[in-house]
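Below: the structure, in structure tokens.
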Amino acid sequence: WKQGGRYKTWKRRWFLLKDHCLYYFEFTQDKEPKGIIPLENIQIREAADRDKPNCFELYAVNNDFIKACKTNSDGKVVEGKHTVYRMSASTTAEKEQWIKTIRQSIKSDTPFYSILAARRK
């Protein structure tokens, strides 16, 4: 699950961690991601949420915006304006595995800008 940015509702999303980016999809059969979160200049931590168990969040190191993009309702790729991305795993074990795996993938150099440029064409 992923919490929305503007409206803090929870939406079911499927995640794929690849090339130091976290891709999320609206449906399991989707070929194109709904959004991409590059794992650069961010950290990850557990988060408490009264509505959802097993939460964790990605947050910008200097309270800056996280460099990310998503597809809007018109199908256009737009840059995200988040300082935090909050997610919820199904179980505590799954949450701990995501945190460990994402932490290992966080780095300072990612192919985000080349991916974004290719998607905008």
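Bear in mind the structure is a predicted one, so any value in this text is a computation, not a measurement.
- When the ring-ring contact (aromatic ring centres under 6.0 Å, His included) test is applied to Y59, no partner is found at least two apart in sequence or on another chain.
- A tilted orientation is assigned to the rings of Y85 and Y24, their planes being inclined by 30° to 60°.
- Under the 4.5 Å side-chain heavy-atom criterion for grouping Ile, Leu, Val, Met, Phe, Trp and Tyr, I42 is connected to I99 within one hydrophobic cluster.
- Among all heavy-atom pairs drawn from I66 and L58, the shortest one is CD1-O, 3.7 Å.
- With sequence neighbours excluded, the residues that form a side chain to side chain contact (heavy atoms under 4.5 Å, CB included) with E96 are T92.
- Here the CD1 atom belonging to I37 is positioned 16.0 Å from the NE2 atom belonging to H20, to the nearest 0.5 angstrom.
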Evaluation steps, side chain to side chain contact (heavy atoms under 4.5 Å, CB included), between W10 and K52
CA-CA 9 Å; W10 287 95; K52 278 275 185 205; 3.4 Å; yes

Passes side chain to side chain contact (heavy atoms under 4.5 Å, CB included), M87 versus L22? Steps please.
CA-CA 12 Å; M87 288 152 270; L22 190 60; 4.0 Å; yes

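- Here F65 sits alone; no ILVMFWY side chain lies under 4.5 Å from its own, so it joins no hydrophobic cluster.
- Considering all non-hydrogen atoms of both residues, L17 and S105 come closest at CD2-OG, 3.6 Å.
- Checked against side chain to side chain donor-acceptor pair (under 3.5 Å), T83 has no partners two or more places apart in sequence or in another chain.
- Scanning for side chain to side chain donor-acceptor pair (under 3.5 Å) contacts around Q3 gives an empty result, with sequence neighbours left out.
- Residues passing the side chain to side chain donor-acceptor pair (under 3.5 Å) test with R13, sequence neighbours excluded: none.
- Annotation for I36 and P38: closest pair O-CD, 3.6 Å, computed over non-hydrogen atoms.
- With sequence neighbours excluded, the residues forming a side chain to side chain contact (heavy atoms under 4.5 Å, CB included) with N72 are D74, K76, V78, listed by chain and number.
- R12 pairs by the side chain to side chain contact (heavy atoms under 4.5 Å, CB included) definition with W1, W14, not counting sequence neighbours.
- Pairs engaging residues 80-94 under the salt bridge (Lys or Arg N to Asp or Glu O under 4.0 Å) rule: D49-R86, E57-R86 [sequence neighbours left out].
- Legend: residues meeting side chain to side chain donor-acceptor pair (under 3.5 Å) with K95, ordered by chain and number and at least two apart, are E46.
- Residue F15 comes nearest to K2 through the heavy atom pair CZ-CB, 3.9 Å, listed as atom of the first residue, atom of the second, then distance.
- Atom-to-atom distance recorded for Q43:CD and N62:CG is 10.0 Å, nearest 0.5 angstrom.
- A side-chain donor-acceptor contact under 3.5 Å links S88 to the backbone of P53.
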